Amino acid sequence: MRLATWNVNSVKARLPRLLDWLAETEPDILCLQETKCAAAAFPAAEVGKLGYAAAAHGDGRWNGVAILSKVGLDDVTLSFPGEPGFAEPGFAEPGEDGPPGLATLDEDGERGPLAELGAVCPEARAIGATCGGLRVWSLYAPNGRTVDSPHYAYKLAWFAALRDALAAETAAPLVACGDYNVAPTDADVWDPALFVGSTHVTPAERKALADLRALGLHDVVPTPMKGPHPFTYWDYRAGMFHQNKGMRIDLVYAGADVTARVRSAYVDREARKGKGPSDHAPIVVDLHP
DNA sequence: ATGTCGCTTGTAAAGCGA
């Protein structure tokens with residue numbers, strides 16, 4: 001069983017490369033993030049020709065996640081219970097981001113506590129499905145922007161809700177893959193000194209990952225194809241990939257039974273090369289039967 | 001690193017997000 005995860009940075013822009021990669025790599029299950037594609041516009045027919053069933057979640061503009069599978073695609077779940085959206089009281093001010101009318105403060109003008117928030121308008125950041133006996137999640141965590149941004153508070157709230165949602169699924173063989181937008185350790189960024197004060201490396205974000213691991217999820221660290229660090233993301237700018245100035249922010253978090261089946265895992269750095277790549281590389285995990 | 005992409009919109013340049 002071959003499982004993979006890839007932030008493709010637009011499934012439409014990446015479609016030729018995605019199809020080539022699928023034909024060459026032949027994963028049984030692929031989790032996609034940043035499809036930037038409405039669910040109805042997802043290229044299901046194209047991947048279908050390669051033998052994949054597809055489930056997609058997306059509004060067409062930003063975000064967007066999907067799962068492709070050759071080994072069954074059942075019990076599809078869009079979003080997860082309690083998932084917050086950004087356009088809610090507590091995060092966005094009226095008129096800031098999100099659909100007008102959804103971003104509101106309480107009647108007295110106060111921001112409500114997060115615990116009282118309903119899921120008014122979750123973004124397309126999570127899709128789950130049962131594939132080949134595994135409960136699979138494709139996740140795209142909020143970026144957070146800067147630590148003083150409401151997007152950062154939203155990111156932490158999203159992780160807290162994710163923890164609670166995954167806690168309810170630990171009885172199944174669980175694997176939660178995707179772009180977590182958090183580098184688990186200082187070794188997971190090319191220059192930790194440059195990241196002091198930035199998102200992706202803060203103690204609170206790393207605690208959010210630790211809270212997921214406390215559920216019994218294990219960080220399946222892939223083998224890098226070059227250098228000591230299994231980076232999965234390199235900014236398009238300034239020759240960052242060429243200099244291997246990357247980050248490990250795409251993660252495979254696997255339950256105990258799935259972890260015990262891991263034969264090998266690697267970063268497919270080749271997929272970051274050449275003309276028109278995503279800024280992320282796929283992670284490929286091979287499981288014993 | 002702030003050097004590039006991909007998306008969107010007053011279908012062209014500019015703003016936004018990452």
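Small disclaimer: the values here were computed from a predicted structure and weren't measured. Throughout, protein chains are lettered first and strands after them, A, B, ... in sequence-line order, and every chain is numbered starting at 1.
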Note: for Met240(A) and Asn143(A) on DNA chain B, the residue whose nearest nucleotide lies more 5' is Met240(A)
Could you check how far OH of Tyr233(A) sits from P of dA18(B), rounded to whole Å? 11 Å
With rounding to whole Å, what would you report as the distance between dG17(B) and dT2(B) at their C1' atoms? 14 Å
Quick check: do Val175(A) and Leu3(A) have side-chain heavy atoms less than 4.5 Å from each other? yes
Rounded distance in Å - NZ (Lys245(A)) to C1' (dA1(B)): 7 Å
Whole-Å distance, Arg61(A) CZ to dA18(B) P, equals 12 Å
With rounding to whole Å, what would you report as the distance between dA14(B) and dG10(B) at their C1' atoms? 12 Å
For His242(A), is the NE2 atom crowded, meaning more than 12 foreign heavy atoms sit under 6.0 Å from it? no
For a quick check of understanding: with a heavy-atom distance under 4.0 Å over all strands, which category does Asp235(A) fall into, base, sugar-phosphate or nothing? base
Which nucleotide in the set dC7(B), dA18(B), dG3(B) lies at the smallest distance from any side-chain heavy atom of Lys12(A)? dC7(B)
For Tyr140(A), which contact category applies under a 4.0 Å heavy-atom criterion: base, sugar-phosphate, or nothing? sugar-phosphate
Closest to the Ala238(A) side chain: dA1(B), dG3(B), dC7(B)? dG3(B)
Could you give the distance separating dG6(B) and dA1(B) at their P atoms, to the nearest angstrom? 24 Å
Not counting sequence neighbours, which residues clear salt bridge (charged side-chain N to carboxylate O under 4.0 Å, His left out) with Arg61(A)? List them please. none
What's the NE2-C1' distance between His242(A) and dT4(B), to the nearest Å? 16 Å
Measure from CG on Asp279(A) to P on dG6(B) and round the result to the nearest Å. 9 Å
Rounded to the Å, how far apart are Arg145(A) CZ and dA18(B) C1'? 9 Å
Please give the distance between the C1' atoms of dA18(B) and dG3(B) as a whole number of Å. 15 Å
Sole residue of Phe231(A), Trp190(A), Trp234(A) in ring-ring contact (aromatic ring centres under 6.0 Å, His included) with Phe241(A): Trp234(A)
From CH2 of Trp62(A) over to P of dC7(B), roughly how many Å is that when rounded to an integer? 13 Å
Starting at the 5' end of DNA chain B and moving along, which residue's nearest nucleotide shows up first, Glu34(A) or Gly60(A)? Gly60(A)
Taking only side-chain nitrogens and oxygens of Arg237(A), does any of them come within less than 4.0 Å of OP1 or OP2 of dC5(B)? no
Ser138(A) versus Gln33(A), side-chain donor and acceptor atoms under 3.5 Å: yes
Side chain of Tyr236(A): nearest nucleotide among dG3(B), dA1(B), dC5(B)? dC5(B)
In whole angstroms, the gap separating C1' of dC7(B) from CG of Asn9(A) amounts to 9 Å
